[in-house]
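To start, the structure itself, in structure tokens.
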2 protein chains.
Amino acid sequence: MSLDGQLPPKMRLLRAAAELLAKSAGASISTRQITQLAGVTAPTLYHHFGDKEGLFDAVVAAGFEEYVAGERDFAPSGNPLVDIRRMWDNHVQFGLNQPELYLVMFGNIRPESRPAIVADAEALMEEMLNKAAVAGQLNVQPREAARSILAANVGVTLMLIAEPAAERNLELSTMTRDAMIFAVSSEQATGAVPEDSGKSSVVVAAIALNAALQASHSDQLSNSELKLFLEWLHRISTSST
Amino acid sequence: MSLDGQLPPKMRLLRAAAELLAKSAGASISTRQITQLAGVTAPTLYHHFGDKEGLFDAVVAAGFEEYVAGERDFAPSGNPLVDIRRMWDNHVQFGLNQPELYLVMFGNIRPESRPAIVADAEALMEEMLNKAAVAGQLNVQPREAARSILAANVGVTLMLIAEPAAERNLELSTMTRDAMIFAVSSEQATGAVPEDSGKSSVVVAAIALNAALQASHSDQLSNSELKLFLEWLHRISTSST
DNA sequence: CTATCACCTATAGCATTGCTATATGAACTG
DNA sequence: CAGTTCATATAGCAATGCTATAGGTGATAG
């Protein structure tokens, strides 16, 4: 098991590191593992990358280029906001496809390299938001909007990565995505909290639901179900407690 | 330089680890550093914590209790959405005050411990959102809203931690915060959302009733009735439109 | 008071880690 | 050819996480 081929050792080291990084589920990997898989000895690594960190930075840089390529590789739809949605989804997908690499890029904080990468990702997002701003679709500075959206994007991706692949619910992503985009693209409230002092109780909520159900013909329940449902609602909403 | 005092070695180890973790700007710290600062030898560490990881888990657990305490220690304002804002701000502040600890808690992903912590933080947020749901202020399931808000909260905090303290602009936090809360709250004055505007009042009412029913065990329905009732409510409140 | 026993801590050392001082080969340049 | 530069290998160092073993301490039982 060695990545021999005729590739130059530098490439073999990069690939070996990337491969081990992808496989090792968060565990740390040793330079000896890397060099052995690359069919190379230690000094070669340090000659080319100076450092273990240097090698990982190179891996991250390569991964980032892949990320950027993904963020650019779709035809502009004409509507910047739609394109931003695609960028968001692509970001999430990249994180789920290469969780370990993503964690090194966005999860860890190595005071040197990370801000650079984040800044680049920000620039990418800002670039697209600029188009939206030109089209009069923004009500915030593109830079602020980009930072905000990217922050939420990273947070969602990290959360999705953290949970078992089986229970991953991408609705978390779309919901947060649309919330953020909506927030920067409409003339939304300034942050004042609506004063709603009336505390609803079970009864109030039941009455509201009762009225709403009868007003709109929801097709989530069959007719007989609906009848029984409404009867129960009535029982609840007329109870004194 | 040793944390002597009369504290038991276990405590001294915890404090030493926490102190070194806080000081070392992201760099890894050795067990020897810890034991030396604690005035203790290696086996003591492994006797009490089994592992370096174990010690760090203990530090994180302590930090998490502090976090939870901060999230609870304010008088409820009466308006759940206001309280959620405070939770958000408190979260960010915690991250900025103890960046290294925060990174271990929310930034790193150690497949074992992290999901547990995130789940607890989610529960905390969901608890508060339940009150909002009862008050009819939510148009999404409290759990989904909690996950979404927490994800954005983590993303923002990570981004703020990553940038130099000098240029930190907390407006990123408030802007994202209000965007998220606005998105999940039912008081959306405008229906200007591109695709699906605010949920119908049926859904809002159903969510409110659902939360209220689960909070207060009404005895208006039998157990079997209640079960079916809740199932229908769930169907209604999760219907897409 | 002694003996026992569980608990806690220390001495010393192992295997693995990241890394390097030095040497050897290859390849180009004059 | 000689010289210089680049690239890789041999061998080994200091630091790391961790442990096998033994010593010390206090409480409890006889």
Side-chain angles (χ1 to χ4, degrees), chain A residues 1-61 100 103-104 108-113, chain B residues 1-61 100 103-104 108-113:
Chain A
M1 179 154 179
S2 60
L3 284 186
D4 280 333
Q6 285 82 350
L7 294 88
K10 190 170 178 178
M11 279 301 167
R12 276 184 287 166
L13 279 169
L14 270 177
R15 297 211 178 172
E19 182 178 330
L20 288 178
L21 183 67
K23 282 183 184 170
S24 80
S28 63
I29 59 187
S30 67
T31 58
R32 282 173 170 81
Q33 283 178 278
I34 300 173
T35 55
Q36 180 182 345
L37 178 58
V40 167
T41 52
T44 307
L45 190 161
Y46 295 92
H47 172 72
H48 286 288
F49 301 98
D51 214 345
K52 186 188 183 183
E53 280 263 324
L55 172 57
F56 276 69
D57 284 350
V59 171
V60 166
E100 323 296 341
L103 284 178
V104 179
N108 263 333
I109 297 220
R110 309 217 304 289
E112 317 256 307
S113 60
Chain B
M1 181 153 176
S2 61
L3 283 187
D4 280 331
Q6 285 82 351
L7 295 90
K10 190 170 179 179
M11 279 302 166
R12 277 184 287 166
L13 279 169
L14 270 177
R15 297 211 179 173
E19 183 179 328
L20 288 177
L21 184 67
K23 282 183 184 170
S24 79
S28 63
I29 60 188
S30 68
T31 58
R32 281 173 170 82
Q33 282 179 280
I34 300 174
T35 55
Q36 179 181 346
L37 178 58
V40 166
T41 51
T44 307
L45 191 161
Y46 294 93
H47 173 72
H48 286 290
F49 301 98
D51 215 344
K52 185 187 183 184
E53 280 261 325
L55 172 58
F56 277 69
D57 284 350
V59 172
V60 166
E100 322 297 339
L103 285 177
V104 179
N108 263 333
I109 296 218
R110 310 217 303 291
E112 318 255 307
S113 59

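Chain letters run A, B, ... following the sequence lines, proteins first and then strands; every chain starts at 1.
For the pair A/Q33 and A/A42, both in contact range of DNA chain C, the more 5′-proximal nearest nucleotide belongs to A/Q33. Annotation: of the two residues near DNA chain C, B/T44 and A/S30, the 5′-most nearest-nucleotide partner is B/T44.
Heavy atoms of B/I29 sit under 4.0 angstrom from primed sugar atoms or phosphate atoms, though from no base atom.
Closest non-hydrogen pair, B/I34 versus B/A17, comes out as CG2-N, 4.0 Å. Across all their heavy atoms, A/A27 and A/S24 have their closest contact at O-OG, 3.1 Å. When all heavy atoms of B/E100 and B/L21 are compared, the closest pair comes out as CG-O, 3.0 Å.
At least one side-chain nitrogen or oxygen of B/H47 sits closer than 4.0 Å to the OP1 or OP2 atom of C/dC8. Between C/dT9 and B/H48, a contact under 4.0 Å exists linking OP1 or OP2 to a side-chain N or O. Distances shorter than 4.0 Å separate none of the side-chain N or O atoms of B/T41 from OP1 or OP2 on C/dT11.
Bounding nucleotides for the chain B contact on DNA chain D, 5' to 3', at a heavy-atom distance below 4.0 Å, are D/dT16 to D/dA20.
Remark: C1' of C/dG18 and CZ of A/R32 are 7 Å apart, rounded to the nearest angstrom. In this structure, CG of B/L13 is placed 13 Å from P of C/dC8, rounded to the nearest angstrom. Atom-to-atom, OH of B/Y46 to C1' of C/dT11 comes out at 16 Å; the value is rounded to the nearest Å.
Here the side chains of A/R32 and A/Q36 are not in contact, with every heavy-atom distance at 4.5 Å or above.
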Please tabulate, for side-chain N and O atoms in residues 42-52 of chain A, each donor-acceptor pair with protein atoms closer than 3.5 Å (sequence neighbours left out).
| from | atom 1 | to | atom 2 | distance (Å) |
| --- | --- | --- | --- | --- |
| A/T44 | OG1 | A/T41 | O | 3.4 |
| A/K52 | NZ | A/I29 | O | 2.8 |

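Set against C/dT11, C/dC19, C/dT9, the side chain of B/P9 has C/dT9 as its closest nucleotide. Candidate nucleotides C/dT11, C/dC19, C/dT9 were compared by shortest atom distance to the side chain of A/D51, and C/dC19 ranks first. The side chain of A/P43 lies closest to C/dA21, out of C/dG13, C/dA21, C/dT17.
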